[in-house]
Chemist: 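I have a structure here, written as structure tokens, and I will follow up with some questions on it.
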Amino acid sequence: MKTLRFIIAVIMAFGMSAAAISQNRVFNNYPDNKEISTVYISKAAMRLGLSMGGDDSDMRNIQKCIKNPEGMEIVSATTPSAIALVKKDAAEKMKKLKMELFLNAQDGGDGVNIYAGRILDGDVIHDILIEADEPEEYTIVYIRGEIDVQALTNQYKK
């Protein structure tokens, strides 16, 4: 799925800058669970990563989509008990954050839901949560900041 490729591109772009930890994390309650992987990318690391785009076309596409980044969290679970725990936690946090379903895509046994925070101006939303649900893996990518939905849509019209 193209959305999954976007998730992978984001992870690859910022993966090397993921050493910072902050109290601004939303999904921070899995430190001792070896069945759940987490990555946190701080505001500073995201800005640095976005400023170093260079000639990489994937990075240029990401730069067009994410404005004023405030941080990113990635949570991945691969066992049934861990998947159930993260799904329950994600549902509670999305409700608390007042996120609304923005897009749903299904492909065989795989599903992707994109949730949006508040709409700022026209095609710009504040905060986005991408939920990838596969039979043996469940992944959440929570991006805080301003996301230009039109720029995101345009890159998949090609």
Side-chain angles (χ1 to χ4, degrees), residues 1-30 36-77 86-87 89-107 110-134 137-158:
M1 288 184 169
K2 291 182 179 183
T3 304
L4 292 176
R5 280 191 266 158
F6 175 73
I7 292 170
I8 291 168
V10 170
I11 293 168
M12 299 280 291
F14 299 117
M16 292 185 276
S17 304
I21 296 184
S22 167
Q23 61 250 40
N24 293 332
R25 294 179 70 169
V26 173
F27 295 95
N28 61 351
N29 51 336
Y30 312 111
I36 300 172
S37 301
T38 62
V39 175
Y40 171 73
I41 302 165
S42 71
K43 177 179 183 175
M46 284 188 72
R47 288 184 183 202
L48 177 64
L50 287 171
S51 70
M52 297 172 28
D55 294 332
D56 183 6
S57 64
D58 286 335
M59 180 55 87
R60 283 196 305 271
N61 288 336
I62 293 168
Q63 288 170 327
K64 292 175 189 173
C65 299
I66 302 174
K67 308 294 181 190
N68 300 317
E70 296 173 14
M72 180 167 57
E73 296 177 64
I74 303 163
V75 179
S76 183
V86 175
K87 278 185 179 182
D89 190 39
E92 291 170 1
K93 301 222 180 193
M94 285 187 281
K95 185 175 181 179
K96 183 178 177 182
L97 294 167
K98 298 180 182 171
M99 310 237 14
E100 294 183 43
L101 182 62
F102 188 71
L103 176 114
N104 169 268
Q106 299 292 322
D107 183 20
D110 301 343
V112 174
N113 292 316
I114 299 177
Y115 296 88
R118 62 186 192 275
I119 297 174
L120 298 177
D121 182 33
D123 295 329
V124 178
I125 58 176
H126 193 274
D127 296 354
I128 191 168
L129 188 140
I130 303 167
E131 174 187 53
D133 192 0
E134 301 173 20
E137 185 172 4
Y138 180 75
T139 303
I140 296 287
V141 178
Y142 178 50
I143 303 170
R144 289 182 292 125
E146 297 173 12
I147 293 89
D148 185 331
V149 178
Q150 187 63 43
L152 181 63
T153 303
N154 287 341
Q155 71 176 321
Y156 293 109
K157 286 184 178 178
K158 299 173 185 172

Chemist: Holding to side-chain hydrogen bond (donor to acceptor under 3.5 Å, both in side chains), I want the full list of residues that pass it with S76, two or more places apart in sequence or in another chain.
Modeler: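 Residues passing side-chain hydrogen bond (donor to acceptor under 3.5 Å, both in side chains) with S76: E137, T139.
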Chemist: Would L101 and N113 count as a side-chain contact (heavy atoms from CB on, under 4.5 Å) here? Give the steps.
Modeler: CA-CA 7 Å; L101 182 62; N113 292 316; 3.9 Å; yes
Chemist: When you look at N68 and H126, which way does the side-chain contact (heavy atoms from CB on, under 4.5 Å) test go after all the steps?
Modeler: CA-CA 10 Å; N68 300 317; H126 193 274; over 6 Å; no
Chemist: I need the I147 CD1 to D123 CG distance, nearest 0.5 Å.
Modeler: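 With rounding to 0.5 Å, CD1 (I147) is 13.0 Å from CG (D123).
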Chemist: Please round to the nearest 0.5 Å and tell me the distance separating atom CD1 of I128 and atom OH of Y142.
Modeler: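 It comes to 11.0 Å.
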Chemist: To the nearest 0.5 Å, how far apart are CD in E73 and CZ in R144?
Modeler: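 Going from the CD atom of E73 to the CZ atom of R144 covers 6.0 Å.
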Chemist: Minimum heavy-atom separation for I36 and V75, please, with both atom names.
Modeler: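 Taking I36 first and V75 second, the nearest heavy atoms are CG2-CG1, 3.6 Å.
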Chemist: Within a strict 4.5 Å, meaning less than it, do heavy atoms of the M46 and I143 side chains meet?
Modeler: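 In contact.
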Chemist: How long is the span from the CG atom in D107 to the CD atom in E134, to the nearest 0.5 Å?
Modeler: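 The CD atom of E134 is 10.0 Å from CG of D107, to the nearest 0.5 Å.
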Chemist: Hey, is NZ on K93 packed in by over 12 heavy atoms from elsewhere, all under 6.0 Å?
Modeler: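 Check passes, neighbour count above 12.
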Chemist: Would you say D127's side chain and G145's backbone share a donor-acceptor pair under 3.5 angstrom?
Modeler: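 Such a contact is found between D127 side chain and G145 backbone.
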